[in-house]
Undergrad: 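Submitted below is the structure of interest, expressed as structure tokens.
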Amino acid sequence: MNFGGGLNRFIATSCRHHFSHHLRSDFSSLHFLYCYFTTATDLIRLPTAHLSELEDIVPNLPGAFEKGIIIEKFKTCSNLRQLESIYAFMVKNSYNQDCFMINQFASACSTFSQTDYAIQALTQMNDPNIFVYNAVIRACVSCFAPIQSLQIYLRMLRAQISPSSYTFPSIIKSCALISQLRIGEAINAQIWKFGFKSHVFVQTSLIDFYSSFSKIFESRQVFDEMIKRDAFVWTSMISVHAKSGNMVSAHKLFDEMPEPERTFATWNSLIDGYARIKDIKSAEFLFNNMPSKDLISWTTMINSYSQNKLYQESLSTFNQMTKQGITPDEITMATVISACAHLGTLDIGKKIHLYIAKNRFNLDVYIGSALIDMYAKCGNLDQSLLVFYKLPEKNLFCWNSIIEGLASHGYAKESLKMFTQMKKEYIKPNGITFISVLTACTHGGLVKEGRMYFQSMIQDFLIPRGIEHYGCMVDLLCKAGMLEDAMELIKGMELEPNGVIWGAVLNGCRIQKNLDLGRVAVEKLMVLEPDNSGYYSLFVKMLAEENRWSEVARIRSSMKEFRVEKKSPGSSWIEIEGKSHQFSASDKYHECSKEIYLLLDRLYGKQLLDACVFEYDEYISFL
DNA sequence: CTAGGGTTAG
């Protein structure tokens, strides 16, 4: 097939470079043509002289000579290839100089994250107007290409085209995305210069901009200088105050705001703000007293409970919501799954997973990491791994969840393997990752590796060591019996050691039967956590084991003297048929079902008999 | 073109 000299050469080079494996394919298929022009950029770069040659090879889109039909096609096109073929058609028919159509094209590009197409299409135009520039700038921002959007803005000014009110929200957002306060301030000056000082859309974006640098005062200044305010501006300002924890100002603005202007968003921001400062009662009050609720109100309230560790309430609010016939979305689900993880309610968690699958919810990174965590925390590591491998996209949260899941189940090597894999996929770990990694090393007794990772976090990833990381490291060394090394680490810390660290030391002393160092640790703990009786009890146990009864008595009496409350025992929950049951070591809560204790006695007896770990089927046959 | 809700550790 002959496309004509120039174009033939163009295609041939294209082929050699990118698509030699396609050469053997059927040349007669017109569809195949688009394989050569894999990008609209290729098309645009075609020398103008060759455009006429396109006449023969670009097919007509059925009935597409009406602009409206092409624009319709932008909206319905579902993949990049389709977008390219529409653009090819536009080039052929010189629609690529039509401002309105390129405007639509740029928007379509942003849905496929193809900002370079939009930029190239703009470049190709002889006389782009403000609408085209705005569309391309917006496309860049929505595809997280803030630098490009600023470049286009500059190009626009050079072309003597004045920005409009549509230009600035995107430009301001770009400045926030690249954390450039100074540039944003310069843009703010231009906003004044071009006369958008009281434009609500523009000013709303400025309020948001200053708050992203924690410049609440400047945010408020923008708000106060406005002549007219709409619901968006009010809500933005309330939200800024609420997010910064200043609920007094937030609520004051809420009261000042004309009542009919209040929207769902206004109420929801306030509820969320109260939940953040742990004032769950106020959040609840607003939620119960708002005139009506939308999905986000419900999700906010569900999340408010979760933020305040009231997971049971979180789930019951979710139930109430569904009973009222409100359909949850991905965001609601991610929150609810997280609540299930904290409660250990595998039943409900599974149901929600099923619901998500059935209703074709997008399995995104939020839901993904929540599910991974939920299954791992509920003891179903296999499911957890399955979800992890099935995720189409994985971010840091997903990796952290699976690394933590494996570590907490005692799969130290596997957990570290995951960590290696994560680094291979260029996902940058954070401080949380290293907590799990160090925990994995502790479980596996991997002292050398632990030390290596402890170095690596600061050397390779510039992650500052938190007190938690020292806690993990001290725990690792103490559990491995290396008390001297642990003490050396503590002495070299730039942070003041906390109770967790001395607790780890004390625990190490118990294993090593080191009473002297144990005494040092207990003395520190008496100051750091005077109310935590667990440490005293541990030390008393150590003393008793060494028959130091006089010291035992002394500590016991000083505990009484300082009125140290006995620590309530740690407990577990299990859910059976939708009902949650609480257990703790040597509890007697379950009098109603004597069999539990009978079985426990038998198990305990058997355990003593052969002093071995129960195998699963052995356990089953025993039942 | 502007506002409100999401995941991991402790």
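Values below: every heavy atom of this structure, side chains too, minus hydrogens, waters and symmetry copies. Naming convention: chains lettered A, B, ... in sequence-line order (proteins, then strands); numbering from 1 in each chain.
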Undergrad: Describe the nucleic acid contact of Thr263(A) in one word from base, sugar-phosphate, nothing, applying a heavy-atom distance below 4.0 Å.
TA: base

Undergrad: Specify the closest pair of heavy atoms between Ile119(A) and Arg155(A), including all atoms of both residues, with the distance to one decimal.
TA: CG2-NH2, 3.8 Å

Undergrad: Give Ser338(A) one of three labels, base, sugar-phosphate or nothing, depending on what nucleic acid heavy atoms sit under 4.0 Å from its own.
TA: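 It contacts sugar-phosphate atoms only.
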
Undergrad: Reading DNA chain B in the 5' to 3' direction, which nucleotide is the first one with an atom under 4.0 Å from a heavy atom of chain A, and which is the last?
TA: dC1(B) to dA9(B)

Undergrad: Just by distance, with hydrogens left out, do Ser269(A) and Thr235(A) show a side-chain donor and acceptor under 3.5 Å apart?
TA: no

Undergrad: Over all strands shown, is Ile402(A) touching base, sugar-phosphate only, or nothing at heavy-atom distances under 4.0 angstrom?
TA: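 Nothing, no nucleic acid heavy atom in range.
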
Undergrad: Select base, sugar-phosphate, or nothing to describe what Gln203(A) touches, counting heavy atoms under 4.0 Å on all strands.
TA: nothing

Undergrad: Looking across every strand, which nucleic acid part, if any, lies under 4.0 Å from Asp294(A) by heavy atom: base, sugar-phosphate, or nothing?
TA: base

Undergrad: Compute whether any side-chain donor of one residue and acceptor of the other, for Thr442(A) and Thr439(A), lie under 3.5 angstrom apart.
TA: no

Undergrad: Touch check for Thr235(A), heavy atoms < 4.0 angstrom, all strands: base, sugar-phosphate only, or nothing?
TA: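 It contacts base atoms.
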
Undergrad: Only one of Ser165(A), Ser162(A), Ser164(A) passes side-chain contact (heavy atoms from CB on, under 4.5 Å) with Phe194(A); say which it is.
TA: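 The single option meeting the side-chain contact (heavy atoms from CB on, under 4.5 Å) with Phe194(A) is Ser162(A).
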
Undergrad: Look at all strands and tell whether Thr332(A) reaches a base, only sugar-phosphate, or nothing, counting heavy atoms closer than 4.0 Å.
TA: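 Contact class for Thr332(A): base.
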
Undergrad: Does the gap between the ring centers of Tyr311(A) and His342(A) come in under 6.0 Å?
TA: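 Ring centres of His342(A) and Tyr311(A) closer than 6.0 Å.
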
Undergrad: If you look at every strand shown and take non-hydrogen atoms under 4.0 Å, does Leu295(A) touch a base, only sugar-phosphate, or nothing?
TA: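 Result for Leu295(A) = base.
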
Undergrad: Mind running a 4.0 Å heavy-atom check of residues 270-280 of chain A against DNA chain B and sending the residues that fall below it, in number order?
TA: Asp272(A), Arg276(A)

Undergrad: Donor-acceptor check, side chain of Ser384(A) to backbone of Asn380(A), threshold 3.5 angstrom: yes or no?
TA: no

Undergrad: Have a look at Lys394(A) and say if it touches a base, only the backbone sugar-phosphate, or nothing, with a 4.0 Å heavy-atom cut-off.
TA: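 If one applies the 4.0 Å heavy-atom cut-off, Lys394(A) turns out to touch nothing in the nucleic acid.
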
Undergrad: Using a 4.0 Å heavy-atom cut-off across all strands, classify Ser205(A) as base, sugar-phosphate, or nothing.
TA: nothing

Undergrad: Base, sugar-phosphate, or nothing: which does Thr299(A) touch, judged by heavy atoms less than 4.0 Å apart?
TA: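 Result for Thr299(A) = base.
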
Undergrad: Looking across every strand, which nucleic acid part, if any, lies under 4.0 Å from Lys293(A) by heavy atom: base, sugar-phosphate, or nothing?
TA: nothing

Undergrad: Around atom OH of Tyr355(A), are there more than 12 heavy atoms from other residues, nucleotides or ligands closer than 6.0 Å?
TA: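 Atom OH in Tyr355(A) is crowded, with more than 12 foreign heavy atoms closer than 6.0 Å.
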
Undergrad: Is Lys281(A) salt-bridged to Glu284(A), cutoff N-O under 4.0 Å?
TA: yes

Undergrad: Does NZ belonging to Lys524(A) count more than 12 external heavy atoms closer than 6.0 Å?
TA: no

